[in-house]
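Working notes, structure below.
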Amino acid sequence: MKNMQTTSFQEWVKGIPYELAFWNNLYRWDKTFEGVINWSRRGQALLLEGMNVQEFLSNFEHPIVLDVGCGITYAKGDQRVTPNGLEPLDVRYLDPLAPFYNEIIRRHHRSMPAIQFGMMEHLSASIEPGTATLVIIQNALDHSSDPLRGILSALQVLRIGGCLYLQHHPNEAEAENYKGFHQFNICTDEQQHCCIWNKETNVIVDNVIAPFATIRTLTLDNGFVVSIITKTGEVPLRLASSAKDNIELGQMVESQLYSSMDLQFALAQKLRYWWYNTIHFFVQGMPSEWRQQLRRVIYKE
Ligand SMILES: C[S@@+](CC[C@H](N)C(=O)[O-])C[C@H]1O[C@@H](n2cnc3c(N)ncnc32)[C@H](O)[C@@H]1O
């Protein structure tokens with residue numbers, strides 16, 4: 001496997017305040033909260049652009065669906081279509097910021113399903129390998145510190161025949177100027193391969209996963225890059241191992257415990273949060289026309 005340069009965990013942790021400030025203010029204001037809920041397909045049939053997901057699910061009796069890096073959007077729908085009408089699917093919402101998101105839901109008195117802790121690079125520490133039917137990662141792979149490992153880890157928790165669905169803005173890190181969680185770009189090349197890259201690294205996902213998965217990548221009319229990856233065999237231990245996941249997750253907890261006692265680091269995180277929270281308080285509280293005008297000025301659109 002070609003080595004992929006990854007972002008360090010400490011760097012990734014520095015992106016947390018921005019993310020939390022964003023969701024906190026999205027949930028704070030009724031109009032932004034309702035905007036998300038109206039956009040989301042919660043309570044509706046699961047729909048994945050570019051894939052006939054309902055036909056896929058009909059092959060499985062009790063499908064388990066994971067929405068990894070779910071944020072607090074419940075975006076994709078949670079029902080399956082049956083001859084008797086809609087039936088609830090077993091959808092599990094996973095995100096490494098789960099405890100914070102659950103607190104945001106509680107603080108703003110929103111009645112939404114709880115989020116479960118799950119980090120895509122270490123998914124087998126949260127989900128039993130070989131058990132999931134469908135893993136959805138939307139707008140989150142490129143937020144992780146190691147996207148290729150995220151893909152391998154998702155394949156590890158899927159059963160054979162299970163499917164990993166990726167949907168992302170093309171080249172998000174370039175668009176966001178490598179700020180916060182935005183450290184990787186996802187795009188397609190001329191052969192419609194799925195590529196992950198940044199200034200230090202470039203990996204063609206198709207080549208890495210070929211021995212144990214098939215992949216089809218397409219670009220939707222709205223520009224989103226979608227990859228549909230089907231697991232055909234077990235991921236070799238050297239690429240994805242539960243023991244390694246657990247050990248490394250333990251090491252991260254250890255490093256975070258250590259950092260939490262470092263006053264300078266803790267203060268910097270708090271200040272970052274206050275700063276972004278203040279900005280998001282005003283920006284998301286504005287009428288949407290003002291927000292669009294501000295965006296046009298900032299991005300010179
Ligand atoms: C832009 S939000 C996407 C939310 C939702 N999937 C959507 O499309 O509306 C990105 C999410 O990815 C999560 N994330 C960042 N790094 C991750 C990782 N290593 N594993 C899983 N999720 C991660 C963030 O916490 C955040 O909630």
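Order of listing sets the numbers, starting from 1, for every ligand and every atom in it. Just so it is clear, the structure is predicted and the values come from calculations on it, not from any experiment.
- Between the CD1 atom in Ile137 and the CG atom in Leu166 there is a gap of 5.5 Å [rounded to 0.5 Å].
- Residues Asn177 and His182 have side chains that never bring a donor and an acceptor to within less than 3.5 angstrom of each other.
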Could you walk me through whether Asn277 and Asn25 pass the side chain to side chain donor-acceptor pair (under 3.5 Å) check? CA-CA 7 Å; Asn277 200 41; Asn25 288 286; 2.8 Å; yes

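- Checked for salt-bridge contact, Arg106 and Glu103 meet the test: a charged N lies under 4.0 Å from a carboxylate O.
- If you look at ligand 1, the protein residues with a non-hydrogen atom under 4.0 Å away are Trp12, Glu19, Trp23, Trp39, Gly69, Cys70, Gly71, Thr73, Asp95, Pro96, Leu97, Tyr101, Gly118, Met119, Met120, Glu121, Gln138, Asn139, Ala140, His143, Ser144, Phe181.
- A salt bridge links Glu49 with Lys76; the closest basic N to acidic carboxylate O contact falls under 4.0 Å.
- Counting all heavy atoms, side chain and backbone alike, Leu148 lies closest to Ile196 at N-CD1, 4.3 Å.
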